[in-house]
Amino acid sequence: MKNDEIKQANRKALPKFLLFAVVCTIVGGMVGYYSGHSAAKGGLDQLVGMMKEAGAFFGTHIAPWLMLALAVIVPVVCIPIYRSAKKLVAAWDGEDEDISDTVDRKLSAVIWITSVALIVSYFLIAASYSGGFATFDSKNSTIIFFIGVVAFFGIMAEATIIQQKCVDTAKQTNPEKKASVYDMRFQKKWIDDCDEAEKIMIGKCAFKAYSATNVVCTVLAIVLAVCALVFDIGFLPSLMVCLVWIVNLSVYCKEAMRYSKAGNKIS
């Protein structure tokens, strides 16, 4: 790309970028002004107190039951989909690509659902822990807490077993795949067994995930910075988001440089 073309592209994109920056500045200023105005009236302290009470109630009385519900819902939803894929594999002649693609979609859906359930369970167990040792002051709260803990480990077991079954089924339609789901290097070995088309697909999906993570981290960083001012939540939530953001960016850049160097050697 020539210098003139680069400058032209920058001039074309600059007005939109400046407009976005101005809008963000105005919105941030308005939020800060009205937040400070509310704080002067004392309404902000009351709002923060209500939010803390709501959070404590959620963690003590709702989160454990949600985990229990999740432990029941995961197998109810995933097992029928898995069995449907298993039946297709049993009837597969080894050549029909439509059936193979359908099986892959079903298995991918099951892995997706179980992975999301596992992540949600981590949030719910953290919410359950947020009550601290005060949770054990009441017998009823203690019982509910341990119900949530048992449900959490149940979800972990369900997700692991169901995903293992899905991987084993996928191996039947892809005999070149050898890695065990219990292998600590499973992901690397699985990718090594993929052909070029599969690796290209994984690369495209990975870039989409990388881009989406950057957008989400940007939004969260802005929101949490405002919340630190308005609700006095401290800097730790922002630190956690920025840590994930840095890891995501650093791994991508490191791998991009590594593969670029390998590509130059090949050429």
Side-chain angles (χ1 to χ4, degrees), residues 46-85 105-167 181-182 209 212-213 215-228 230-245 247-248:
Q46 184 178 0
L47 176 61
V48 172
M50 291 175 59
M51 292 179 64
K52 287 182 178 179
E53 290 179 4
F57 180 83
F58 174 83
T60 304
H61 300 286
I62 299 178
W65 295 114
L66 287 178
M67 269 192 292
L68 181 61
L70 199 61
V72 174
I73 291 172
V74 167
V76 169
V77 173
C78 293
I79 290 177
I81 301 175
Y82 164 73
R83 287 179 175 173
S84 174
R105 285 195 297 270
K106 287 179 179 290
L107 296 178
S108 296
V110 172
I111 292 175
W112 185 6
I113 293 170
T114 52
S115 297
V116 169
L118 190 58
I119 294 171
V120 172
S121 71
Y122 279 115
F123 162 72
L124 293 175
I125 195 66
S128 299
Y129 286 162
S130 65
F133 291 105
T135 302
F136 305 106
D137 293 342
S138 167
K139 181 179 179 181
N140 186 48
S141 298
T142 302
I143 293 173
I144 295 175
F145 172 80
F146 281 108
I147 288 174
V149 171
V150 171
F152 171 74
F153 285 107
I155 294 168
M156 290 185 65
E158 290 170 354
T160 302
I161 294 172
I162 291 173
Q163 290 186 8
Q164 175 251 311
K165 295 293 185 182
C166 289
V167 170
V181 73
Y182 299 117
T213 302
V215 172
V216 171
C217 286
T218 302
V219 173
L220 286 177
I222 294 171
V223 170
L224 290 173
V226 174
C227 288
V230 178
F231 299 116
D232 192 25
I233 63 173
F235 66 86
L236 188 59
S238 295
L239 175 63
M240 295 299 100
V241 171
C242 290
L243 180 61
V244 172
W245 198 356
V247 171
N248 181 61

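Keep in mind that what you see is a predicted model, and the values were worked out from it rather than measured. Side chains included, hydrogens not; waters and symmetry mates left out as well; all remaining heavy atoms used. Residue numbers start at 1 and run along the sequence shown.
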So which atom in Val244 and which in Cys217 form the shortest heavy-atom distance, rounded to 0.1 Å? CG1-SG, 4.4 Å
Can you give me the closest heavy-atom contact between Ala221 and Val241, atom names plus distance? N-CG1, 4.2 Å
Taking C-beta and beyond as the side chain, do Lys106 and Val110 meet within less than 4.5 Å on heavy atoms? no
Sorted by first residue and then second, give each side-chain hydrogen bond (donor to acceptor under 3.5 Å, both in side chains) pair with at least one member in residues 60-80; sequence neighbours left out. none
Report the residues that fulfil side-chain contact (heavy atoms from CB on, under 4.5 Å) with Ile113, sequence neighbours left out, ordered by chain and then residue number. Val77, Cys78, Ile81
For residues Ala71 and Pro75, report the shortest heavy-atom separation together with the two atoms involved. O-CD, 3.0 Å
Looking only at heavy atoms, the pair that brings Cys227 and Ile233 closest together is CB-CD1, 3.5 Å
Pairwise side-chain hydrogen bond (donor to acceptor under 3.5 Å, both in side chains) hits with a residue in residues 113-122, at least two apart: Thr114-Gln163, Ser115-Gln163
Output all residues satisfying side-chain contact (heavy atoms from CB on, under 4.5 Å) with Cys242, sequence neighbours left out; order by chain, then residue number. none
Which side-chain N or O atoms in residues 139-162 pair as donor and acceptor under 3.5 Å with protein atoms at least two apart or in another chain?
unit_1, atom_1, unit_2, atom_2, d
Thr142, OG1, Ser138, O, 2.8
Thr160, OG1, Met156, O, 2.9

For residues 123-136, please give each side-chain donor-acceptor pair under 3.5 Å, one per line with the distance, not counting sequence neighbours.
unit_1, atom_1, unit_2, atom_2, d
Ser128, OG, Leu124, O, 3.0
Ser130, OG, Ala127, O, 2.5
Thr135, OG1, Gly132, O, 3.0

